[in-house]
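First the proteins, then the strands, lettered A, B, ... as listed; each starts at 1.
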Protein chains: 4
Amino acid sequence: MSTDVIPATDRDAFYARLAANHYSPLWTLMGGLGPEPTTTLVPHIWRYAEARELMVEAGDVVPLEDALRRVLGFRNPGSLAHQRTGATDTLWAALQLVLPGEVAPAHRHTPSALRFIVEGAGAYTVVNGQRVAMEEGDFLLTPNGHWHEHGHLGDGPVIWLDGLDSPLVSRLNQYVLDEEDDLQQVDADLPAPFVNGMLAKHWGSPAKVAQPLVYKLADALEVIEHLRDGEGDPFDDIVVEYRNPISGGSVMTTIAAFLQLVRPGVDTRAHRHTHSTVYHVVRGSGHSVIAGERVEWTKGDTIAVPLWYEHSHHNHSSEDAILFSYTDKPAVEALGLGRTAASA
Amino acid sequence: MSTDVIPATDRDAFYARLAANHYSPLWTLMGGLGPEPTTTLVPHIWRYAEARELMVEAGDVVPLEDALRRVLGFRNPGSLAHQRTGATDTLWAALQLVLPGEVAPAHRHTPSALRFIVEGAGAYTVVNGQRVAMEEGDFLLTPNGHWHEHGHLGDGPVIWLDGLDSPLVSRLNQYVLDEEDDLQQVDADLPAPFVNGMLAKHWGSPAKVAQPLVYKLADALEVIEHLRDGEGDPFDDIVVEYRNPISGGSVMTTIAAFLQLVRPGVDTRAHRHTHSTVYHVVRGSGHSVIAGERVEWTKGDTIAVPLWYEHSHHNHSSEDAILFSYTDKPAVEALGLGRTAASA
Amino acid sequence: MSTDVIPATDRDAFYARLAANHYSPLWTLMGGLGPEPTTTLVPHIWRYAEARELMVEAGDVVPLEDALRRVLGFRNPGSLAHQRTGATDTLWAALQLVLPGEVAPAHRHTPSALRFIVEGAGAYTVVNGQRVAMEEGDFLLTPNGHWHEHGHLGDGPVIWLDGLDSPLVSRLNQYVLDEEDDLQQVDADLPAPFVNGMLAKHWGSPAKVAQPLVYKLADALEVIEHLRDGEGDPFDDIVVEYRNPISGGSVMTTIAAFLQLVRPGVDTRAHRHTHSTVYHVVRGSGHSVIAGERVEWTKGDTIAVPLWYEHSHHNHSSEDAILFSYTDKPAVEALGLGRTAASA
Amino acid sequence: MSTDVIPATDRDAFYARLAANHYSPLWTLMGGLGPEPTTTLVPHIWRYAEARELMVEAGDVVPLEDALRRVLGFRNPGSLAHQRTGATDTLWAALQLVLPGEVAPAHRHTPSALRFIVEGAGAYTVVNGQRVAMEEGDFLLTPNGHWHEHGHLGDGPVIWLDGLDSPLVSRLNQYVLDEEDDLQQVDADLPAPFVNGMLAKHWGSPAKVAQPLVYKLADALEVIEHLRDGEGDPFDDIVVEYRNPISGGSVMTTIAAFLQLVRPGVDTRAHRHTHSTVYHVVRGSGHSVIAGERVEWTKGDTIAVPLWYEHSHHNHSSEDAILFSYTDKPAVEALGLGRTAASA
């Protein structure tokens, strides 16, 4: 093992031989790494007015028979050509439109999904046999592996925000999809105190219920109202987490969800973290400063903050600003990769 | 160390010398032990008509100023003279009477307490600053260390069942009592979705709420109704457990509580276990067979089943029989002493 | 319900009627309670020289055939006549003597037991089929429900300290004892890395091993040596806990065990807690101040500190003082009753 | 929203407009999905003779000053051009060569790493200040975020297998690397009973130890020997898991590791699972059948089984075959994606 200088051509030949035999020298791979996580993805905002118009137009261009679900995904502008992304590296965000009388047949998949109803009424989702009505402001869950189908018995369009961890699941080659031609059999309604974990069947196999599948906006706002007079979180102001009361943890294994009030006059401090976030504006307007850029937002807009981008929130209006958000924090932390840094 | 026979008198002298020096030979202590747990306590039923009458009479005999709380405890007939017992070795059961305008000042203690409201309306309990109204059928908690006071703003007497683990705590010399002359400051009502664990404050110190403090009878009956058409538990028929949705466990660290329906025509199988149970009849009538004896019960009656007594439940009427019950099962299991045996 | 004064004789008659019907008015029971836990038990020391001599004498007075196990219990001087106590309200402590060739047949019981070998060599315990040699300084476990028998293949007497939670278990009427005439079948030795949790069988039912059954004094002293140069615990100086590496918790469900070094010249601060402690002097000498009284101790002595007695430890010699101790802290905390207070 | 047929060109124009505005219609993305997870990666074996020769040759071609660590990675033949892979979608495998006197300076990173020493003696790793000697058969851990450096004080080359979850971490854009020019300060050796969780510091901040950092081959073989006479696992024969005795779980948050004996004459059943595996042959020889293809292996070979490939193991020789393996099972299960299927 001499220390003579090796001509570059010999090296190239050697590297080619390695590659041909399925070896890759580590020292050629560690180039771009440093003390900060990096992504090509960038912060971005999708305006509701634009997205809604394109969604409606999509209804003309693509018949539902072809689409099965009329879902317009938000793809991060920094995505590489063949990269599996959504709004962030791990989180999918989309608007979904359902028209009166339409039905999306039952399927289930390994990504976990949530819905936040943006406008309209009369639609419903059936999750593992439980029918859940969908009203504006509702937050619904269809966890990993749960059968779900959508329908619409009302008038006028219903639009909701879809949130999934499908980019995360796809990058690990773990996306599995089962489809059914038939609709699910709908079970009798479950009693509420059963679903929220205050009463439990005490014998035999557990009853058919794992956790609540819907959270009402009014409930979350009531809790926010209860907390609004204190000192808020320096980074998010008055923020409550939707929780799984059965497990005491986040709503799903890989996704956490929040409702937050940025009170009039509040400027939060900036921080960044190794989980990424999708924000959706429920009420009011304001702006965020993300990586030094000011992003104005108003009702219906959706904002992606990929991992490790510094961000703060600001409400200079005289009205409450309410944001719904979801993150991959439970997944990142389950893998031992969670890190947060407050900005100076 | 010879093997010659030792005269009994020498032994007695030696034993006396040991005792005087605070030694006790193990071989003199293991006499009564065998493969089954034993207690001198016995199954017993306290009839509501009798207990209520004595309770009211106590109101005449003992002024509330002297009694502070007008609580008539059920003392197991098998109790030894100076033994700390209640209805069972570990569980206290009592009726408490509150008259309009009366106030029981705030105290707190290491035993955990529950109330089940038997009759009347208009009373309330303040638990660590949270005011909880008390209506017939309500099940209330005042866990270990929580300040609590009672008051009554309505008309007519209010009577409830008190359940505590005070005999357990007393036998371990762990009974600690703090009393206050003043009433507690009453805080604003907590939002329900906060209390049941579906929404959580997401920053700083946790919000002032640990768990639900009241469970409504209608909720428990709704869940029972949902389950009643299936096959019930062989030992308890249709039985649901009141749960702490924050922890996912029993309502308190040492006490579990249940509501059960014994359906018309049902005879359950007998079993026994190393935890003891207090039953209270909420609706209907029936009988239990405890250690081979038939005990008839009807609304308002309270029944003690000490540890390891075989028991089964029977409803030969055409009406539902509803039993509320509580046990020390969480305490027994936390100590690694839980055991259950079905009868042949 | 008038407020006229009731003659005492009427009250007495009423109380007698209540008692006859198995009721006990709460207001007659709360007398002695206050903000501190209380016990009639007192701190006490049993000197090894005395205890050893009585133990040997017991061997003459009581043949082993009668005693089955030659165990001389330490009974707290404050015990009430018929009260189930040991060295403290919850903890039994005793010396046990085994002579060459003797065998204590297999039994198992709901109390959990530990042994700390005080002198001699050549004895062994078989715990659920695992043979464990007993050498001076060894700390052995026979948890709740484990079959155990003792034998002695060596020369000279072997004496060990027995520690159990039998008073706790007895007070709850949960003492269950099973005895066998035959000895256990002894299994092959288990590999050490299996027992300490570093390697686990990965299929089917778990292997026959729950936790380590013996801890060597040299190991504990090595860890103490590793820690001795830092700042010690203000209340116990350099103290290490024997742990169950499988569960990560205390050695048994109800009992925790410790080895501690009180370094020459150290005076610890006083504190008290709602768990009780038995100390045994392994090496050196010193004194403790318990409830204001100075208690001198030296090798082999055993000291009881019942619950809530203030205590501190002092080594004014130039030699290390090593104490083995065990407490009911896991039981007290599992019941939600743990409390500690440092003295001013 | 008419149902007239839309010309394909209009659709293309619409899709282009969507893409330009960072939208992606879901219905164009769900094509390849079905009820099974899929990967382009393939099972593959890297022969030790070839890999070792290339590794030594690399020592000539690339000076260590350039390489920092002489690590020859195994890149799965099914990898797409710019895809972050290793031996599988989530697991990196490589051989690393260290020559006498060489030093690899300290770094730390978010991927977790393990080493299995294949040949040589005299090398060491310093992990967060703890020096760990590396002998043939040793299994070492450098969990996520732990500083580690390597050195070699002996004679002759030392070669080990490196296993990391770096492809998993990279795909989530969570790879963070910190490098140090200086070597770590080496702390005094930790007592073994401290590291394996049998004794714990009982006051103040926890001692500087989280878990064992090295497992000896002899220990694992002793446990295997203890278990070998029973019925083995149908899929892996006699398999033991290296465990973290502090947490009771897998050795690291994202990686589990195993040693398994395929006994002479054993043919295991086939199964598949959603975690992937790297096997390394420690002793003996045999073959696996992976997705229907027979792969012969012998000492030193490394085999990749990507997710959801059916595999079984076979030893038709008269000698024991010992395999070391590691998987991403803890990561896959933490994300709620674990699934296993036995073959018919």
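- Within the 4.5 Å cutoff, side-chain heavy atoms of Leu172(B) are placed close to those of Leu168(C).
- For the pair Tyr23(C) and Leu54(B), the tightest heavy-atom approach, listed with the atom from each and the gap, is CE1-CD1, 3.5 Å.
- With a threshold of 4.5 angstrom between heavy atoms, Leu95(C) does not approach chain B through any atom at all.
- Heavy atoms closer than 4.5 Å to chain B are found in both the backbone and the side chain of Glu57(C).
- A heavy-atom distance below 4.5 Å is found between the side chains of Arg339(B) and Val176(C).
- Of all residues in residues 75-85 of chain C, those placing a non-hydrogen atom less than 4.5 angstrom from a non-hydrogen atom of chain B are Arg75(C), Pro77(C).
- Residue Ala58(C) touches chain B through both its backbone and its side chain, counting heavy-atom pairs closer than 4.5 Å.
- Side-chain atoms of His22(B) and Phe74(C), non-hydrogen and from C-beta on, never get closer than 4.5 Å to each other.
- For the atom pair CD (Glu333(C)) and OG1 (Thr253(B)), the distance works out to 12.0 Å, reported to the nearest 0.5 Å.
- Minimum heavy-atom separation, Leu33(B) to Tyr175(C): CD1-CE2, 3.5 Å.
- Here Arg171(B) contributes atom CZ and Thr90(C) contributes atom OG1; the two are 15.0 Å apart, rounded to the nearest 0.5 Å.
- Ranked by heavy-atom pairs under 4.5 Å with chain C, the first of Ala331(B), Ser112(B), Ser24(B), Pro37(B) is Ser24(B).
- Taking CG of Asp89(B) as the start and CG of Asn173(C) as the end, the distance is 4.0 Å to the nearest 0.5 Å.
- For chain B, no part of Asp328(C) is nearby; none of its heavy atoms comes within less than 4.5 Å.
- At most 12 heavy atoms of other shown residues, nucleotides or ligands fall within 6.0 angstrom of atom CG in Asp155(B).
- Using a 4.5 Å cut-off between heavy atoms, Glu50(C) contacts chain B through both its backbone and its side chain.
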message: Could you go through Trp308(B) and Gln174(C), starting from their C-alpha distance and side-chain angles, then the distance that decides it, and tell me whether this counts as side-chain contact (heavy atoms from CB on, under 4.5 Å)?
response: CA-CA 10 Å; Trp308(B) 213 238; Gln174(C) 298 277 7; over 6 Å; no
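- Side-chain contact check for Leu337(B) versus Asn144(C): some heavy-atom pair is nearer than 4.5 Å.
- If you measure heavy-atom distances from Leu18(C) to chain B, the contacts under 4.5 Å come from the side chain alone.
- The distance from the CG atom of Leu72(B) to the CG atom of Leu26(C) is 9.5 Å, given to the nearest 0.5 Å.
- When heavy atoms are compared at a cutoff of 4.5 Å, Leu335(C) approaches chain B by way of both its backbone and its side chain.
- Scanning residues 158-166 of chain B against chain C with a 4.5 Å heavy-atom cutoff picks out nothing at all.
- For Ala87(C), no part lies under 4.5 angstrom from a heavy atom of chain B.
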